[in-house]
Every structure is written in structure tokens, then in C-alpha cells.
Amino acid sequence: MYEFRCDEIDITITFPSSVVENLMKFRQTIFRKEAGGLLFCSNPNTNHINISYISSPSIYDLRSKYFFKSDERTSQDIINKQFHQGHHYVGDWHTHAEKVPTPSEQDKKTICDIYRKSNHHLFYIIFLIVSSEKDFSKSYLALADGNNLYSCRHI
């Protein structure tokens with residue numbers, strides 16, 4: 001189990017081992033393209049979010065060594081299906097070929113745009129960049145509210 005904390009917003013985000021194992025399958029090593037997907041939990045309206053499900057990359061996503069863009073239609077289909085199974089969309093994840101990933105300006109713009117354009121009742125969405133290392137705690141995690149990113153730290 002991995003926990004991250006955003007003191008500024010008073011939220012803890014937990015990733016169970018099974019979810020981390022799934023994310024680590026997509027780590028971006030030297031010859032792999034960026035990958036990404038969606039993050040889900042069963043109760044998004046608390047100050048302790050437990051990520052219970054992640055989606056895998058789609059064959060329709062746009063991927064390169066330094067770029068990832070999910071296919072919007074596929075993503076919406078996944079969100080709808082997961083909602084009917086009791087999982088709420090709470091954010092996005094993707095990989096970087098960095099040991100300690102940092103978001104690009106495009107990453108920051110994209111996650112804020114997703115927040116603003118999505119139909120939801122969330123105060124923020126979760127933004128995860130998975131490290132190329134086997135140590136998930138080196139991943140980047142933040143909360144986005146449409147204008148700002150609030151960094152989370154591994155605890």
C-alpha cells in the first residue's frame with residue numbers, strides 16, 4: 001500500500017498494492033512509449049481517497065516516447081462502464097521515462113483542461129505520473145482544480 005498526502009488541501013490518496021502492480025506493468029523504460037489511463041475510486045467525496053481501479057492504455061490512444069493523449073471516446077466509455085460498477089472517475093495517470101518525473105507545461109495545461117471540461121462534482125482531480133523506477137513512491141502525484149496543481153508527497 002502506498003499513501004500520498006496533500007497537506008494544502010488535507011487529502012490522503014491511497015494506492016493498494018494490486019493497483020500499483022498494475023500501474024508498474026506500464027512503466028516507461030528506455031524503449032517503451034508513454035502509456036496512460038484513468039483513475040477510479042468508490043467514494044470520491046472524502047479526504048481519504050482509495051484508488052480502487054485504473055484503466056489500461058487503449059489501442060486508440062496517441063502514444064510516443066514523449067507524448068500521451070488518451071482517446072476521448074474510449075475514455076468516456078470506460079468512465080460510464082465503471083460508474084455502473086460503483087467506481088467514480090477521479091483523475092488521470094500516465095508514464096514518463098524519468099526516475100523522478102515532473103510534469104511538462106503541456107501536462108499541466110492538459111490536466112487543468114480536463115478538470116474544466118469534465119462534467120463532475122469534484123473539487124479537484126488526481127494527476128499521476130508514474131516513475132520509470134520500480135519504486136512507485138518516486139512517482140509524481142498532484143491534485144488539479146482547473147487553475148492550479150497541488151503537489152502531494154509520499155508518506
Side-chain angles (χ1 to χ4, degrees), residues 1-59 61-71 74-75 78-79 81-82 85-112 114-115 118 120 122-145 148-155:
M1 170 107 38
Y2 289 83
E3 285 189 327
F4 291 80
R5 176 98 179 124
C6 181
D7 293 322
E8 199 168 353
I9 302 182
D10 187 29
I11 292 181
T12 301
I13 301 157
T14 304
F15 293 85
S17 298
S18 58
V19 169
V20 171
E21 287 173 20
N22 200 7
L23 283 164
M24 298 311 279
K25 292 177 190 175
F26 302 106
R27 276 185 318 116
Q28 189 178 356
T29 54
I30 195 161
F31 297 112
R32 296 178 83 179
K33 296 177 181 177
E34 282 193 16
L38 308 171
L39 300 167
F40 295 87
C41 75
S42 58
N43 187 1
N45 299 315
T46 68
N47 66 343
H48 189 158
I49 303 296
N50 183 48
I51 302 300
S52 54
Y53 178 80
I54 65 155
S55 69
S56 298
S58 161
I59 59 171
D61 296 336
L62 298 176
R63 297 173 61 185
S64 75
K65 184 171 174 114
Y66 301 108
F67 180 79
F68 174 81
K69 183 175 184 332
S70 62
D71 179 72
T74 302
S75 293
I78 293 168
I79 290 169
K81 178 181 177 187
Q82 289 303 314
Q85 295 179 8
H87 295 110
H88 299 268
Y89 166 75
V90 290
D92 284 32
W93 70 270
H94 73 275
T95 61
H96 275 191
E98 298 174 290
K99 292 179 180 181
V100 180
T102 57
S104 67
E105 288 305 312
Q106 183 61 49
D107 288 336
K108 293 174 187 178
K109 180 184 179 316
T110 299
I111 199 65
C112 286
I114 289 170
Y115 179 87
S118 295
H120 60 77
L122 301 172
F123 295 112
Y124 60 87
I125 57 173
I126 301 169
F127 176 48
L128 171 66
I129 303 175
V130 178
S131 167
S132 62
E133 291 289 293
K134 291 181 180 178
D135 183 357
F136 183 71
S137 68
K138 296 189 183 300
S139 297
Y140 175 85
L141 191 75
L143 303 175
D145 67 4
N148 301 298
L149 288 181
Y150 303 94
S151 294
C152 301
R153 61 183 170 78
H154 178 256
I155 55 175

S.K.: Applying side chain to side chain donor-acceptor pair (under 3.5 Å), name anything that partners Glu8, two or more places apart in sequence or on another chain.
M.R.: none
S.K.: Counting only heavy atoms from other residues, nucleotides and ligands, does the tally under 6.0 Å from CD1 of Ile30 exceed 12?
M.R.: no
S.K.: Within a radius of less than 6.0 Å around NZ of Lys65, do more than 12 heavy atoms belonging to other residues, nucleotides or ligands occur?
M.R.: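 Atom NZ in Lys65 is packed in, count exceeds 12.
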S.K.: Between His87 and Phe40, what is the ring plane arrangement, given parallel below 30°, perpendicular above 60°, and tilted in between?
M.R.: perpendicular
S.K.: Val19 and Ile51: which non-hydrogen atoms are nearest, and at how many Å?
M.R.: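 Scanning both residues, the minimum pair turns out to be CG2-O, 3.4 Å.
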S.K.: Decide if the gap between the ring center of Phe136 and the ring center of Phe15 is smaller than 6.0 angstrom.
M.R.: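 So the answer is yes for these two rings.
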S.K.: Closest approach of Ser131 and Glu133, non-hydrogen atoms and distance?
M.R.: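 In terms of heavy atoms, the two residues are closest at OG-N, 2.9 Å.
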S.K.: Please check if the distance between the ring centroids of His154 and Tyr2 is under 6.0 Å.
M.R.: yes
S.K.: Which atom names give the shortest non-hydrogen contact between Arg63 and Glu34, and what distance separates them?
M.R.: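 Closest pair (atom of Arg63, atom of Glu34, distance): NE-O, 2.6 Å.
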S.K.: How about Trp93 and Phe26: are their ring centres within less than 6.0 Å of each other?
M.R.: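 Close enough - the centres of the two rings lie under 6.0 Å apart.
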S.K.: For a quick test of reading the model, state the closest non-hydrogen atom pair linking Gly91 to Ile125 and the distance between them.
M.R.: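 Looking at all heavy atoms of both residues, the shortest contact is CA-CB, 4.3 Å.
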S.K.: What is the minimum heavy-atom distance between Ile49 and Asn43, and which atoms define it?
M.R.: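 It is CD1-O, 3.7 Å.
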